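The structure presented is a predicted model; accordingly, all values stated were derived computationally and were not measured.
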There are 2 protein chains.
Amino acid sequence: MSISSRFAVGIHILTFIELNKGKVSSSDYIAKSVNTNPALIRKMMGMLKRAGLIEVHPGIAGAKLAKKPSEITLLDVYKAVNVVRENQLFRIHEHPNPNCPVGRNIQHSIEPIFAAAQLEMENFLKKITLENIVEDIAKKEEIG
Amino acid sequence: MSISSRFAVGIHILTFIELNKGKVSSSDYIAKSVNTNPALIRKMMGMLKRAGLIEVHPGIAGAKLAKKPSEITLLDVYKAVNVVRENQLFRIHEHPNPNCPVGRNIQHSIEPIFAAAQLEMENFLKKITLENIVEDIAKKEEIG
DNA sequence: CTAGCATGTAATTATTATGATGACAAGTTT
DNA sequence: AAACTTGTCATCATAATAATTACATGCTAG
């Protein structure tokens, strides 16, 4: 139906860390900004950490980016938080009837199309970096 | 997570109807090809009908395409079966903290990006027609 | 060295979408 | 009238999401 808000939250977390570089970005502070539970943020920080996007350490408050914002694409975040299975944005019905010409071929006909459509979307996400988001928000704050 | 297989099933249904033009495509026959329940097929035929893609009539067995296969795009099917809400492929977390610079801006910063990414994918689907699928399967059947 | 915060992670829960299914009203054909 | 069909409703098991509680483990300041 819809791709989990983990993706949006992941972007939020990274943006928060970057825009609060001087201060300590603990799961508690981030949770307040996102307006959700600290445990959820910690779980997500774990994913971002495993993907090599941030540095966090048990017992030590706060997190920092492991790369420059310009080197973190939205695709990186998207993959880190695991919102869409590899090549599985579109689900295909299983076990169509092999005795039917349509049933025995439809999967193989559709699969490459679905994969290509997914790739179009993911390639777009690859072009946007965390820096773009951070700058956009900085600009909005100046004006506002 | 993943886009409902209704999309793939919708394509299956239309392909089945086209490749069985001479015969009667009742919900029972189609259900056997898809390997699912006839009631589900009828429900989906209702969606395809409302989208103007097929013609079905109560009491009369079978369905036929309302347009030429070359005039039915995968985007038409995708929209007909309602797998993704308009502009909502990506969900955004609600109620981020308005007292935080990130919280009060993140939604507006992310929305257009998500919309654009979704559009990339949908524009790709618009380029593929039912005719492409039908021909691909016909070709596979010749070889096989 | 210990009290007090952190992170890491497991378990639970309410909510929601999916997909399968059964039942049946209403329409059509023979 | 009998035997089909489509259209639609209600139900159900399953799976993912997002929120939450709880607690083990790690660090650090006093």
Mind checking A:Ala39 for me? I need base, sugar-phosphate or nothing, with any heavy atom below 4.0 Å counting as a touch. base

Quick check on the 6.0 Å ring-centre criterion: do A:Phe7 and B:Phe114 meet it? yes

Assess, by modelled atom type and distance only, whether the side chains of A:Glu122 and A:Gln118 contain a donor and an acceptor separated by less than 3.5 Å. yes

If you assign A:Asn82 and B:Gly62 each to the DNA chain D nucleotide with the nearest heavy atom, which residue ends up on the more 5' nucleotide? B:Gly62

Side chain to side chain donor-acceptor pair (under 3.5 Å), that's the test. Do B:Asp136 and A:Ser109 meet it? Break it down for me. CA-CA 7 Å; B:Asp136 188 55; A:Ser109 285; 2.5 Å; yes

Pick the nucleotide of DNA chain C nearest each of B:Arg85 and B:Arg42; which residue has the one closer to the 5' end? B:Arg85

Expressed as a whole number of angstroms, how long is the span from B:Ile54:CD1 to D:dT6:C1'? 11 Å

Starting at atom CD1 of A:Ile13, determine the distance to atom C1' of C:dT7, rounded to an integer number of angstrom. 14 Å

Taking 4.0 Å as the cut-off, does a side-chain nitrogen or oxygen of A:Arg91 come that near to OP1 or OP2 on C:dG19? yes

Within the 4.0 Å heavy-atom criterion, would you say B:His57 contacts the bases, only the backbone, or no part of the nucleic acid? sugar-phosphate

Looking at DNA chain C, which of residues 18-37 of chain A put a heavy atom within less than 4.0 Å of it? A:Ser26, A:Ser27

Taking atom C1' of D:dA18 as reference, at what distance in whole Å does atom CD of B:Glu94 sit? 12 Å

Counting only side-chain nitrogens and oxygens, does B:Ser2 get under 4.0 Å of the OP1 or OP2 atom of D:dA16? no

Is there a side-chain contact between A:Arg6 and the phosphate of D:dT17, meaning an N or O under 4.0 Å from OP1 or OP2? yes

Looking at the side chain of B:Arg50, which of D:dT8, D:dG7, D:dT17 is the nearest nucleotide? D:dT8

Within the 4.5 Å heavy-atom criterion, are A:Met44 and A:Arg6 side-chain neighbours or not? yes

Distance check: side-chain N/O of A:Lys43 vs OP1/OP2 of D:dA19, anything under 4.0 Å? no

Is it true that A:Ile60 and A:Tyr29 fall in one hydrophobic cluster, defined by side-chain heavy atoms closer than 4.5 Å? no

Counting only side-chain nitrogens and oxygens, does B:Ser5 get under 4.0 Å of the OP1 or OP2 atom of C:dG19? yes

Taken to the nearest whole Å, CD1/A:Ile3 to P/D:dA15 is 21 Å

A:Asn20 side-chain N/O to A:Phe16 backbone N/O, donor-acceptor pair under 3.5 Å: yes

Can you tell me how far P of C:dT7 sits from CD1 of A:Ile60, to the nearest Å? 10 Å

Working for side chain to side chain contact (heavy atoms under 4.5 Å, CB included), residues B:Ile41 and B:Ile13: CA-CA 8 Å; B:Ile41 298 296; B:Ile13 293 173; 4.1 Å; yes

Could you check which of D:dT6, D:dA18, C:dT7 has an atom nearest any side-chain atom of A:Leu40? D:dA18

Without decimals, in angstroms, what is the distance between B:Glu55 CD and D:dT6 P? 15 Å

In whole angstrom, give the distance that lies between atom CG of B:Leu89 and atom C1' of C:dA17. 15 Å

N or O in side chain of A:Lys49 less than 4.0 angstrom from C:dT7 OP1/OP2: no

Taking salt bridge (charged side-chain N to carboxylate O under 4.0 Å, His left out) as the definition, give me every residue that meets it alongside A:Glu141, ordered by chain and number, with sequence neighbours left out. B:Arg104

